[in-house]
Asks: 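First the structure, then my questions, so here it is.
Because the structure is predicted, anything quoted here is derived from the model rather than measured.
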Amino acid sequence: MESSSHTNEGFEDYDNQESPKPAPIKPLEPRPKELTGEERKEKRRIIKNVVVISLAFFLLFCAYQSMANLQSSINPRSGTTALAILYAALVVSCAFIPTLLIKKLSVKWTLVLCVLGYSSYIAAQFYPRHYTLIPTAIVLGLGAAPMWAAKCTYITQAGKRYGEIVGENSEVIITRFFGLFFLFFQSAQVLGNLISSTILSQGEPPLRTEEQLNLCGVNFCPHHTLSNATIIDPPDKSEIYTMSGIYLGLSLLASVVIAVLVDPLSRFVDEAENASSTGKSTLQQLVATFNHMRHPYQLLIIPLTIFSGVEQGYMGADYTAAYVSCGLGVHMVGYTMICFGVCDAICSIGFTPLVKLVGRTPVFTLAATINAAAIIIMFTWQPHPDDMVMFFIVPALWGIADAVWQTQINALYGVIFPGESEAAFSNYRLWESAGFIINYATQSSLCNTNKLYIVVGFLVIGMVGYYIVELIDRKQWLPKKTVSIVKPADEM
């Protein structure tokens with residue numbers, strides 16, 4: 001049903017009221033300002049630091065993302081178990097560590113230390129066993145949350161200071177800085193996977209027998225064995241060592257780049273004053289996160305948030321093993337994931353104006369339909385080297401849908417929980433991480449058919465919950481404590 005008055009902004013119905021355009025537009029216009037010599041230097045220095053941090057994350061995730069994509073193919077049991085534990089450690093870290101570590105070490109040195117945690121995990125790839133991968137995965141998981149928190153703090157505070165210097169709206173500057181950061185970050189998927197596929201393609205590609213191919217795709221089970229061959233032919237040890245060495249070098253270089261080239265945040269702002277955006281203690285933030293689950297909307301979108309983690313984990317671990325490594329060889333994993341990453345990055349940019357044009361619900365429905373189409377293909381298609389195009393169609397479709405889930409679920413949380421962003425986004429990280437844990441923890445024990453059913457289940461339940469949220473708010477079926485905030489379930 002079309003409605004010309006529906007603006008899709010915070011679910012608020014303005015009833016065609018005449019409202020004067022007030023002050024919010026005013027700060028968006030640059031204020032003419034003559035900069036002093038010192039201000040021009042500080043402006044250039046801020047831009048330099050944002051670019052250097054973006055470059056460091058580019059180097060780091062060239063290494064980490066590409067290595068994580070290969071775990072189900074080169075370390076099918078210990079690798080995916082370690083990834084599940086990594087995300088469990090990340091959940092614990094989100095609750096307790098970021099504020100404490102940033103206050104203790106400062107933003108810059110928190111970044112340096114936590115990047116080294118990634119290096120320890122990549123170093124464990126030289127001797128991948130449970131007792132090397134799991135401890136380093138825990139170190140990485142515990143360090144990931146404070147690293148991302150420190151990065152967000154640095155870019156946000158630097159953006160505010162830049163806005164003060166040039167006389168522009170700080171929110172606009174911060175958005176530009178994050179746009180620059182994610183341009184580097186999304187590009188990491190391309191270069192990192194190109195490195196892995198180039199190295200793993202040095203030898204002769206494995207010849208796939210019909211017996212092996214019959215156990216690929218929907219028939220794939222990690223614990224299946226053949227009498228005279230393996231289902232997935234592992235790459236040569238020397239190729240893995242070469243790849244791990246390059247990735248380890250990139251991750252260490254990322255840490256050095258931050259340590260040497262990034263200025264302390266205290267050069268621009270008072271770090272102590274800006275250490276926490278809300279001033280809450282760690283315990284208060286933890287209580288707020290769990291207290292937020294009383295919100296009816298939060299309960300309804302938990303399944304869709306979990307699906308976001310499950311579908312990312314499925315593409316990075318299950319599709320790469322069951323279809324690409326099994327049907328073509330491990331050397332092709334990087335190329336298919338480049339296709340996924342490029343489609344994801346392009347559509348992440350394109351779907352934002354589309355939401356403004358047609359509304360959020362049609363875009364969510366489109367993403368669910370595309371995901372369903374990809375799942376139908378995976379249920380019905382038997383992978384074979386002769387069907388090369390099909391190996392790229394599925395990750396392309398998955399990347400298009402993932403662009404919606406990553407950008408619009410994030411935006412949805414911001415819209416339906418106004419004024420509660422910290423608790424809301426803590427829940428987002430918690431439940432998305434739970435999705436990753438579910439996927440990686442079951443990767444080595446469940447057959448691909450069962451994994452696809454799990455993906456379908458969370459997609460269907462998640463979309464039902466999402467539609468209910470939209471319907472409830474449009475019909476105004478629940479009482480509100482303010483104009484835009486619904487009462488918690490226990491207060492109705």
Asks: Using side-chain contact (heavy atoms from CB on, under 4.5 Å), reason through Leu105 and Leu113 one step at a time and then give a plain yes or no.
Replies: CA-CA 9 Å; Leu105 296 181; Leu113 179 65; 3.6 Å; yes
Asks: About how many Å separate SG of Cys326 and CG of Leu215, when rounded to the nearest 0.5 Å?
Replies: 7.0 Å
Asks: Pick out which of Tyr323, Tyr335, Trp381 makes a ring pair (Phe, Tyr, Trp, His ring centres under 6.0 Å) with Phe391.
Replies: Trp381
Asks: Do the non-hydrogen side-chain atoms of Trp431 and Leu304 ever get within less than 4.5 Å of each other?
Replies: no
Asks: Quick one: OG1 on Thr361 to CD on Gln408, what's the gap to the nearest 0.5 Å?
Replies: 11.0 Å
Asks: With the side chain counted from C-beta on, respond yes when Leu86 and Leu83 share a heavy-atom pair under 4.5 Å apart, and no when they do not.
Replies: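 Contact flag for Leu86/Leu83 side chains = yes.
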Asks: Any side-chain heavy atom of Thr320 within less than 4.5 Å of one from Met315?
Replies: no
Asks: Determine, using ring centers only, whether Phe307 and Phe458 are less than 6.0 Å apart.
Replies: no
Asks: I would like to know whether Asp402 and Gln312 meet side-chain contact (heavy atoms from CB on, under 4.5 Å); could you show each step before the answer?
Replies: CA-CA 8 Å; Asp402 183 66; Gln312 290 178 77; 3.4 Å; yes
Asks: Test your reading of the model: is there a side-chain donor-acceptor pair from Ser78 to the backbone of Asn75, 3.5 Å cut-off?
Replies: no
Asks: Answer yes if the side chains of Trp398 and Asp344 hold a donor-acceptor pair under 3.5 Å, and no otherwise.
Replies: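 On atom types as modelled, these side chains do not qualify, holding no pair under 3.5 Å.
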Asks: Treating Thr110 as the side-chain partner and Met147 as the backbone partner, does any N or O pair qualify as donor plus acceptor under 3.5 Å?
Replies: no
Asks: Dump the intermediate steps for side-chain contact (heavy atoms from CB on, under 4.5 Å) on Phe220 and Cys447, then the final yes or no.
Replies: CA-CA 6 Å; Phe220 182 82; Cys447 293; over 6 Å; no
Asks: Find the distance between OG1 (Thr80) and CD1 (Ile85) and round it off to the nearest 0.5 Å.
Replies: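 These two atoms lie 10.0 Å from each other.
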Asks: What are the two closest heavy atoms between Cys347 and Ile400, and how far apart are they?
Replies: SG-CG1, 3.7 Å
Asks: Taking the six-membered ring for Trp, are Phe57 and Phe185 closer than 6.0 Å centroid to centroid?
Replies: no
Asks: Identify the heavy atoms of Thr449 and Val218 that sit nearest to each other, and give their distance.
Replies: OG1-O, 2.8 Å
Asks: Give a yes/no verdict on a cation-pi contact between Lys151 and Phe181, requiring under 6.0 Å between NZ or CZ and the six-membered ring centre and an angle within 45° of the axis.
Replies: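 Satisfied, under 6.0 Å and within 45°.
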Asks: Sub-3.5 Å donor-acceptor pair from the side chain of Tyr247 to the main-chain atoms of Gly192, do we have one?
Replies: yes
Asks: Any side-chain heavy-atom pair from Met378 and Met390 closer than 4.5 angstrom?
Replies: no
Asks: Are the side chains of Val139 and Tyr121 in touch, meaning some heavy atoms are under 4.5 Å apart?
Replies: no
Asks: For Ala441 versus Ala84, what's the shortest heavy-atom pair and its separation?
Replies: N-CB, 3.6 Å
Asks: Are Phe61 and Tyr118 an aromatic pair by the rule of ring centers under 6.0 Å?
Replies: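 Yes, they do, as the ring centres are separated by less than 6.0 Å.
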Asks: Quick check: closest heavy atoms across Gly316 and Met337, and the distance to 0.1 Å?
Replies: CA-CE, 4.4 Å
Asks: Decide if the gap between the ring center of Tyr162 and the ring center of Phe177 is smaller than 6.0 angstrom.
Replies: yes
Asks: Which heavy-atom pair separates Pro146 from Cys114 by the least distance, and what is that distance?
Replies: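 Looking at all heavy atoms of both residues, the closest pair is CG-SG, 3.8 Å.
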Asks: Can you name the closest pair of heavy atoms from Leu446 and Pro222 and give their distance?
Replies: O-CD, 3.4 Å
Asks: Answer yes if the side chains of Glu311 and Asn439 hold a donor-acceptor pair under 3.5 Å, and no otherwise.
Replies: no
Asks: Roughly how far, to the nearest 0.5 Å, is the CD1 atom of Ile301 from the OH atom of Tyr428?
Replies: 10.0 Å
Asks: Using the side-chain hydrogen bond (donor to acceptor under 3.5 Å, both in side chains) rule, take Asn193 and Gln189 through it: C-alpha gap first, then chi angles, then the decisive distance, then the call.
Replies: CA-CA 6 Å; Asn193 285 308; Gln189 178 99 259; 2.9 Å; yes
Asks: Between the side chains of Ser348 and Gln406, is a donor N or O closer than 3.5 angstrom to an acceptor N or O?
Replies: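 Judged by distance alone, the side chains do not pair up.
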Asks: Decide whether Gln443 and Tyr314 meet the rule of one side-chain donor and one side-chain acceptor closer than 3.5 Å.
Replies: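 No donor-acceptor contact under 3.5 Å links the two side chains.
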Asks: Between atom CG of Leu60 and atom CD1 of Ile122, what is the distance when rounded to the nearest 0.5 Å?
Replies: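 It is 6.5 Å, given to the nearest 0.5 Å.
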Asks: Take a 6.0 Å sphere around OH of Tyr453 and say whether it holds more than 12 heavy atoms from other residues, nucleotides or ligands.
Replies: no
Asks: Taking Ser120 for the side chain and Gly117 for the main chain, is one N or O donor matched with an acceptor at less than 3.5 Å?
Replies: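 Answer holds: yes.
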Asks: Give the C-alpha distance, both sets of side-chain angles, the deciding distance and a yes or no for side-chain contact (heavy atoms from CB on, under 4.5 Å) between Leu397 and Ile377.
Replies: CA-CA 10 Å; Leu397 292 173; Ile377 291 173; 3.9 Å; yes
Asks: Which distance, rounded to the nearest 0.5 Å, do you find between the OH of Tyr64 and the OG of Ser251?
Replies: 12.5 Å
Asks: Side-chain contact test, heavy atoms from C-beta onward, threshold under 4.5 Å: evaluate it for Tyr466 versus Ile409 and give yes or no.
Replies: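 Sidechains of Ile409 and Tyr466: no contact.
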Asks: Hey, is the main chain of Pro383 close enough, under 3.5 Å, to the side chain of Asp387 for a donor-acceptor pair?
Replies: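 Answer holds: no.
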Asks: Within the 4.5 Å heavy-atom criterion, are Leu366 and Val404 side-chain neighbours or not?
Replies: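 Sidechains of Val404 and Leu366: no contact.
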Asks: Would you kindly say whether Tyr413 and Thr305 are connected by a side-chain donor-acceptor distance under 3.5 Å?
Replies: yes
Asks: State, with a plain yes or no, whether a side-chain heavy atom of Thr81 is found less than 4.5 Å away from one of Tyr440.
Replies: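 A side-chain contact under 4.5 Å is absent here.
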